[in-house]
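Here, residue 1 is the first one in the sequence, and each next residue gets the next number. Quick note: numbers below take in every heavy atom, side chains included, and nothing from hydrogens, waters or symmetry partners. All values derive from a computational prediction rather than experimental measurement.
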Amino acid sequence: MFTRKKYLSSYFLGALLLVLSVRIGKSVFVYFDGHLPKIYLQIGLSACFFIGPFLYCFLKSAVMGLERIPESWKWMMASLFLLVLITGIGYPYENYSWLWNQYLSKIIYLQWFIYIVISTFVIKGILKKIFSKVQQLNPAENWLLMIFFGNVVIFITFFLSLIRAPFMSYISGSIGFSLILYLIISVLLYRKKTDDLFLLSPNKYSGKKVNDDEVGILLGKLEKVMRQQAMYRNPDLKLSDLSKGVNVSSHQLSQFLNDNLGKNFTTFVNEFRINEACSIISTDHRLTLESIGYEVGFNSKSTFFAAFKKLKGTTPFSYQQHTLQK
């Protein structure tokens, strides 16, 4: 609601706030009216199943600069939703309150805790900066830490309430959530400009090469989308289109191509186009050179000839004549 540009991480943040609000709303309703239908308790506890996963997805998408939801996340969310739905229908709280109170609630909080631990590793680089006297946190990193620690505080208050700690009240989680939410809203209203809260990736990869493991993974993804989907045949292909195909930000992809492969986006794409053009020239002598250029993704004859000369050191015509003589 506050950013002009929509980011994937902002959608997960919205989902996180939604399930937290459902969980908090249940606590408030039950605290002030203990005779409400049991369905309120079931909905509130069911929402807890999604708090941890949404927190993880929010932080991961922000840190990695993801622009598309990975397939594995879609399967995770779908499986979790199906599990909650089947459990809720098959074992409703009204008839199986003992099951929810003694077992399912503990499983829910254990799962929430596990995702908090996993999320800690996601932002470990940011956490290290807290104790560093040299590196300072940027607005995006402060923003992520605020959301993360706010979630930790809410988890602790609810967990202490679950184990019936003597100094905790059932409403403590709701109060903690309210204070944290008001604080975040105050920060957003005060800042006015919030786009930089979602721009963590450019700073993270600035002047830094991708490590060897990530090079192999990203290069494999690029090879797959370029060869199997033949994205290079699109004459209007842009860096943002290719970055979406491999689930990284445009900045990350540009940084990877320049620093790790030593070439820009245009050269990278043209290599695939020229390689296919050479294959067509060698196997199909009926097509004109101009039509081959259009077939592989160039939008003009001159651009095709110039790129061919640059990458192969000869003209398409000379290359064709050479293949005919073999």
Side-chain angles (χ1 to χ4, degrees), residues 11-60 69 72-122 147-184:
Y11 289 110
F12 279 116
L13 176 59
L16 174 62
L17 288 174
L18 175 62
V19 292
L20 276 171
S21 299
V22 172
R23 176 64 180 86
I24 300 303
K26 185 271 291 187
S27 300
V28 174
F29 291 151
V30 174
Y31 182 80
F32 288 101
D33 187 355
H35 301 291
L36 287 172
K38 300 299 182 182
I39 188 65
Y40 283 89
L41 294 170
Q42 181 173 326
I43 293 175
L45 288 172
S46 298
C48 279
F49 265 116
F50 296 92
I51 297 176
F54 283 146
L55 173 66
Y56 166 78
C57 291
F58 163 67
L59 294 174
K60 187 74 172 182
I69 302 178
S72 59
W73 291 10
K74 294 179 181 179
W75 282 106
M76 176 185 69
M77 294 301 173
S79 301
L80 191 58
F81 179 80
L82 189 62
L83 175 64
V84 171
L85 186 64
I86 293 175
T87 303
I89 295 176
Y91 303 94
Y93 189 98
E94 185 174 3
N95 300 328
Y96 295 89
S97 58
W98 60 271
L99 177 64
W100 285 81
N101 293 328
Q102 295 183 25
Y103 298 102
L104 293 182
S105 60
K106 293 180 175 60
I107 293 174
I108 289 170
Y109 280 92
L110 176 61
Q111 181 240 33
W112 188 357
F113 175 74
I114 291 173
Y115 272 102
I116 287 178
V117 173
I118 297 174
S119 299
T120 304
F121 287 98
V122 172
I147 302 298
F148 174 74
F149 284 118
N151 200 280
V152 171
V153 170
I154 295 171
F155 170 80
I156 292 174
T157 54
F158 274 116
F159 178 74
L160 292 176
S161 176
L162 177 70
I163 63 175
R164 302 183 184 278
F167 53 89
M168 295 298 296
S169 170
Y170 185 75
I171 202 66
S172 299
S174 303
I175 297 174
F177 172 79
S178 300
L179 293 176
I180 293 169
L181 182 62
Y182 296 151
L183 174 61
I184 292 174

Legend entry - CG on Asn151 to CG on Leu55, rounded to 0.5 Å: 4.5 Å

Legend entry - Expected output: side-chain Ser46 to main-chain Val84 donor-acceptor under 3.5 Å: no

Legend entry - Interatomic spacing from CD1 in Ile147 to CG in Leu17 - rounded to 0.5 Å: 6.5 Å

Inset, instruction - Over all heavy atoms of both residues, which pair between Gly88 and Trp100 is shortest? Give the atoms and the distance, please. - result: CA-CZ2, 4.4 Å

Inset, instruction - Drop me the distance from Leu104's CG to Ile108's CD1, to the nearest 0.5 angstrom. - result: 6.0 Å

Inset, instruction - Keeping the roles fixed (side chain from Thr157, backbone from Ile154), state whether a donor-acceptor pair exists under 3.5 Å. - result: yes

Inset, instruction - Output the distance between atom CD1 (Ile43) and atom SG (Cys48), rounded to the nearest 0.5 Å. - result: 12.5 Å

Inset, instruction - Might you point out which heavy atoms bring Pro92 and Gln42 nearest each other, and give the distance in Å? - result: CA-OE1, 3.4 Å

Inset, instruction - Would you please indicate yes or no on a ring centroid separation below 6.0 angstrom for Phe12 and Phe58? - result: no

Legend entry - Distance, nearest 0.5 Å, that separates CG of Leu13 from CZ of Phe54: 11.5 Å

Inset, instruction - Output the distance between atom CZ (Phe113) and atom CD1 (Ile156), rounded to the nearest 0.5 Å. - result: 9.5 Å

Inset, instruction - Specify the closest pair of heavy atoms between Arg23 and Ala47, including all atoms of both residues, with the distance to one decimal. - result: N-CB, 4.3 Å

Legend entry - Shortest non-hydrogen contact between Gln111 and Phe49, atoms and distance: NE2-O, 3.0 Å

Inset, instruction - Considering non-hydrogen atoms only, spot the tightest contact between Tyr109 and Phe155 and give its length. - result: O-CE1, 3.5 Å

Inset, instruction - Considering non-hydrogen atoms only, spot the tightest contact between Phe148 and Ser119 and give its length. - result: CE1-CB, 4.0 Å

Inset, instruction - Name the orientation class of the two ring planes belonging to Trp98 and Tyr96 (parallel below 30°, tilted from 30 to 60°, perpendicular beyond 60°). - result: tilted

